[in-house]
Amino acid sequence: MRYSAAFLPTLRETPKEATTVSHALLLRAGYIRMVGAGLYEFLPLGVRVLQRIATIIREEMDRAGAQEVLMPAVLPSEYFKETGRWDKFGPTLFRLHDRKHGEYHLAPTHEEIITDMVRREIKSYRQLPINLYQIQMKYRDEPRPRAGLLRCREFLMKDAYSFDVSPEAARKSYDAMEAAYHRVFGRLGLQYRLVAADSGAMGGSGSAEFQVLAQSGEDAIAACTACDYAANVEVATAAEAAAASTPSGELPAPVRVHTPGAKTIEQLVAFFGDRVEGVGADRFLKSVVYLAGDEQVLAVVRGDHEVNEIKLARAVGADEVHWVAEPEHAGFLGPVGWKDKVVVDAAAAAVADGITGANEEDHHLQHVRHGRDFEGTVADIRLVAKGDPCPRCGGALELYRGIEAGHIFMLGTHYTDAMKAEFLDAEGTSRPIVMGCYGIGVSRLVAAVVEQLHDDDGLVWPSEVAPYAVIVTPLGGDEPTAVAEDLYAKLRERGLTVMLDDRDERPGVKLKDAELLGIPLSVRVGKRGLKDGNIEIKARRSGETSFVPLAGAVDAIADLVAKS
RNA sequence: CGGGGCGUAGCGCAGUCUGGUAGCGCGUUCGGUUCGGGACCGAAAGGUCGGAGGUUCGAAUCCUCUCGCCCCGACCA
């Protein structure tokens with residue numbers, strides 16, 4: 001590509017709506033433009049990157065035995081109604097009508113459609129297993145699109161669906177996809193963790209996320225520093241801590257203590273610090289009020305812990321719980337004498353001599369213990385914290401932020417039961433097909449790669465996804481221009497993707513743009529080098545510069561591209 | 001949906017409080033000088049001041065409504 005003819009509008013300054021690195025750089029380097037909240041145009045370079053990532057995914061899906069299909073993005077409502085998701089998706093679903101007033105929606109995901117496709121064609125166990133995937137735009141009217149390509153309302157997704165005769169067979173399909181995903185993320189050069197996750201509204205029996213580690217990520221991940229345990233904090237657990245700070249001797253009866261204005265754990269630790277030797281946040285029983293449906297629940301965790309609402313919901317058998325912002329006596333709440341349901345975190349239940357709110361303004365109770373002074377269901381309802389012992393090996397957990405770039409689910413017969421997708425087994429019995437589904441956010445991956453790999457000068461593409469392998473920059477003068485033209489032609493003959501910066505710009509401008517674009521190899525042709533018969537090659541990522549003789553330049557460059 | 005911020009030229013911003021000829025930098029166009037790290041001189045083009053209504057002799061500026069974007073939260077495969 002000749003830069004002079006490219007539709008490649010770069011920006012010197014960052015548009016103010018961009019506050020995330022990937023968003024800012026992709027805008028500045030002319031890869032994407034915004035059309036509306038969560039709606040983006042991919043300009044030529046953006047498309048090239050998107051397609052290269054899609055190609056990697058395609059290759060790995062095909063290698064794993066999946067077959068590519070393409071389903072419509074505009075769907076009649078009947079399929080989602082069949083599984084109840086027409087209502088369940090709520091406002092996230094983009095709904096529309098056709099000219100005959102028929103009800104439609106834009107596809108947020110395709111479990112129903114593919115299940116319908118499969119149930120129409122698959123009748124026998126002889127036709128299974130099968131794994132079908134597509135790469136296509138998905139539509140979700142997100143409550144809050146954010147950070148450019150990281151959370152869009154229209155985004156490119158690879159979604160695969162496996163169909164098997166049994167849970168055991170489905171497990172094999174799931175494992176094959178997991179392996180394929182590892183290859184994809186490995187080829188993209190990403191730092192990522194495979195983490196246990198909440199299967200959420202997808203339904204099904206288990207799931208794991210491929211989380212690309214990045215500060216701008218929306219998800220919090222707990223990962224062991226010693227073994228490979230990793231989980232979304234939504235579901236992460238810690239090994240049972242040893243019963244904390246058990247004092248010797250008999251526990252005295254609870255004492256009511258006047259604690260004026262001391263509402264937070266921090267204030268309480270300061271308040272009791274003078275009175276109780278060695279008191280820390282882990283001696284307090286923090287009580288938080290939640291609503292589970294109509295029922296009020298008091299969640300009790302240790303002062304140094306936080307409530308995990310997903311775990312709490314599970315513990316009380318609710319779909320979700322809602323935090324009650326301003327209950328009576330906020331700051332002085334406690335489980336002793338509490339009339340509604342109480343759920344106590346296991347770590348809080350192990351506190352032998354605790355301090356908690358007295359349910360009375362400006363008062364707390366000292367010397368409180370679960371089982372003696374109050375009752376309540378004991379369950380794991382807390383968020384894991386940095387340094388907690390790993391549930392698998394006891395090593396220390398570390399917290400990371402991550403971008404969910406892939407998610408694999410064992411769906412079981414959730415959809416095939418609802419939609420009666422059945423096959424005849426060898427005995428002639430009709431049985432539901434066992435499903436799995438596997439997603440990769442392709443456009444999100446573009447942003448994820450940038451989040452992980454960039455520098456102050458701009459984008460830095462790994463060679464596997466770079467829009468061009470090489471950019472050739474003549475630095476002014478007739479001879480360098482002629483040499484650059486010649487190199488451009490010869491490198492292209494070699495089958496390399498090459499950009500030639502043939503613009504009538506000053507060297508500084510061209511070199512800055514080459515860096516902003518993130519093309520892995522920059523070939524500079526200038527009088528200075530040609531004087532000694534050399535051209536200069538600079539690696540974008542390492543910054544390493546080498547001079548090579550013009551005579552062998554094409555081979556040298558092709559070599560470097562092949563090795564990268 | 002709750003809280004906060006912002007809409008003025010392609011991009012970044014000033015001007016709004018205190019109403020009175022719509023500005024600056026970058027970019028763009030033309031001419032010239034330059035040419036290995038975002039050059040310099042000169043000239044020029046480019047704006048329904050997000051939109052609608054109102055107040056006023058007069059509105060980017062004041063009032064009302066509305067739309068959009070960003071951030072935090074809620075929410076969310």
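No hydrogens, no waters, no symmetry mates; every other heavy atom, side chains included, goes into these values. All chains are named by letter (A, B, ...) in the order of the sequence lines, taking the proteins before the strands, and each is independently numbered beginning at 1. Quick caveat, the model's predicted, so the values are computed rather than measured.
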### Task
Write down the distance separating the C1' atoms in G25(B) and A39(B), rounded off to the nearest Å.
16 Å
### Task
Could you measure between the two P atoms, the one in G47(B) and the one in A22(B), and give it in whole Å?
14 Å
### Query
When rounded to the nearest Å, what value does the distance between C1' atoms of U66(B) and C26(B) take?
33 Å
#### Entry: Of Thr20(A) and Glu536(A), the one whose closest RNA chain B nucleotide lies more 5'
Glu536(A)
### Message
Between U21(B) and G36(B), how many Å separate the two C1' atoms, rounded to a whole number?
### Response
47 Å
### Query
If only side-chain N and O atoms of Arg144(A) are considered, is one of them under 4.0 Å from the OP1 or OP2 phosphate oxygen of C72(B)?
yes
### Task
Give Pro9(A) one of three labels, base, sugar-phosphate or nothing, depending on what nucleic acid heavy atoms sit under 4.0 Å from its own.
nothing
### Summary
If pairing means Watson-Crick or G-U wobble with both distances under 3.5 Å, then the partner of U61(B) is none
### Message
I want to verify a distance call: between A74(B), C69(B), G37(B), whose nearest atom is closest to the Pro143(A) side chain?
### Response
A74(B)
### Query
What distance, rounded to whole Å, do you find between the two C1' atoms, one in G46(B) and one in U28(B)?
9 Å
### Message
Would the base of C71(B) count as contacting Arg146(A) through its side chain, where contact means a donor and an acceptor less than 3.5 Å apart?
### Response
no
### Query
When the C1' atoms of G68(B) and A59(B) are considered, how many whole Å apart are they?
22 Å
### Query
Is Lys16(A) touching bases, backbone alone, or none of the nucleic acid, heavy atoms closer than 4.0 Å?
sugar-phosphate
### Task
Check the distance between C11(B)'s C1' and Arg12(A)'s CZ and give it to me in whole angstrom.
11 Å
### Task
Side chain of Lys512(A) only, please: which of U28(B), C76(B), G38(B) is the nearest?
G38(B)
#### Entry: Integer-rounded Å distance: G27(B) P and Leu27(A) CG
20 Å
#### Entry: G38(B) pairs with, by Watson-Crick or G-U criteria that keep both distances under 3.5 Å
none
### Query
Looking across every strand, which nucleic acid part, if any, lies under 4.0 Å from Gly36(A) by heavy atom: base, sugar-phosphate, or nothing?
sugar-phosphate
### Task
Please state how far atom OH in Tyr3(A) lies from atom C1' in G38(B), giving the value in whole angstrom units.
12 Å
### Message
Looking only at the side chain of Leu11(A) (C-beta and beyond, no hydrogens), which of the listed nucleotides G37(B), G36(B), C11(B) gets closest?
### Response
C11(B)
### Query
For Arg528(A) and G37(B), what is the distance between atoms CZ and P respectively, to the nearest whole Å?
7 Å
### Message
Both distances below 3.5 Å, Watson-Crick or wobble geometry, any strand: find the nucleotide opposite G46(B).
### Response
none
### Message
Classify Ala147(A) by what it touches in the nucleic acid, base, sugar-phosphate, or nothing, heavy-atom distance under 4.0 Å.
### Response
sugar-phosphate
### Message
If we ignore hydrogens and angles and just use 3.5 Å, is the side chain of Glu544(A) paired with the main-chain N or O of Ala539(A) as donor and acceptor?
### Response
no
### Query
What is the base-pairing partner of G25(B), counting Watson-Crick and G-U wobble geometry with both distances under 3.5 Å?
C11(B)
### Task
Could you work out which one of C11(B), G37(B), G38(B) sits closest to the side chain of Arg524(A)?
G37(B)
### Message
With a 6.0 Å cut-off on the ring centroids, do His105(A) and Tyr139(A) count as close?
### Response
no
## Note on the structure
Across every strand shown, the nucleotide meeting Watson-Crick or G-U wobble geometry with C69(B) (both distances under 3.5 Å) is G5(B)
### Separation of the P atoms in C71(B) and C35(B), to the nearest angstrom
45 Å
### Message
Please report the distance, rounded to the nearest Å, between NE2 in His407(A) and C1' in C76(B).
### Response
13 Å
### Query
Do Glu112(A) and Lys88(A) meet the salt-bridge criterion of a basic N to acidic O distance under 4.0 Å?
no
### Task
With heavy atoms under 4.0 Å as the rule, sort Lys531(A) into base, sugar-phosphate or nothing.
nothing
### Interatomic distance, Glu142(A) CD vs C71(B) P [rounded to whole Å]
13 Å
### Message
Between Lys172(A) and Asp164(A), does any NZ, NE, NH1 or NH2 come within less than 4.0 Å of an OD or OE carboxylate oxygen?
### Response
no
### Query
Does U56(B) have a Watson-Crick or wobble partner in any strand here, with both distances under 3.5 angstrom, and which is it?
none
### Message
If I take atom CD in residue Glu13(A) and atom C1' in nucleotide C13(B), what distance separates them, rounded to the nearest angstrom?
### Response
8 Å
### Message
Quick check with a 6.0 Å cut-off and a 45 degree axis cone: is Arg48(A) positioned over the face of Tyr468(A)'s six-membered ring?
### Response
yes
### Query
Within less than 4.0 Å of OP1 or OP2 of C71(B), is there a side-chain N or O belonging to Thr19(A)?
yes
### Task
Would you kindly give the CE-to-P distance between Met34(A) and G7(B), to the nearest whole Å?
15 Å
#### Entry: Nearest-neighbour nucleotide for the Pro507(A) side chain, C35(B), G38(B), C76(B) considered
C35(B)
### Query
NA contact type, Gly508(A), heavy-atom cut-off 4.0 Å: base, sugar-phosphate, or nothing?
sugar-phosphate
### Message
Over 60° means perpendicular and under 30° means parallel, so tell me whether Phe185(A) and Phe210(A) are parallel, tilted or perpendicular.
### Response
parallel
### Residue whose closest nucleotide on RNA chain B lies nearer the 5' end, Asp457(A) versus His23(A)
Asp457(A)
### Query
Is there a donor and acceptor pair, one atom on the side chain of Arg28(A) and one on the base of G38(B), closer than 3.5 Å?
yes
### Message
Checking the side chain of Thr115(A) only, and the main-chain atoms of Thr416(A) only, is there a donor and an acceptor separated by less than 3.5 Å?
### Response
no
### Message
Please report the distance separating the P of G42(B) from the corresponding atom of U48(B), rounded so that it comes out in whole Å.
### Response
29 Å
#### Entry: Within 6.0 angstrom of Asp478(A) CG, more than 12 heavy atoms from elsewhere
no
### Query
Among C70(B), G36(B), A74(B), which is the nearest nucleotide to the side chain of Glu17(A)?
C70(B)
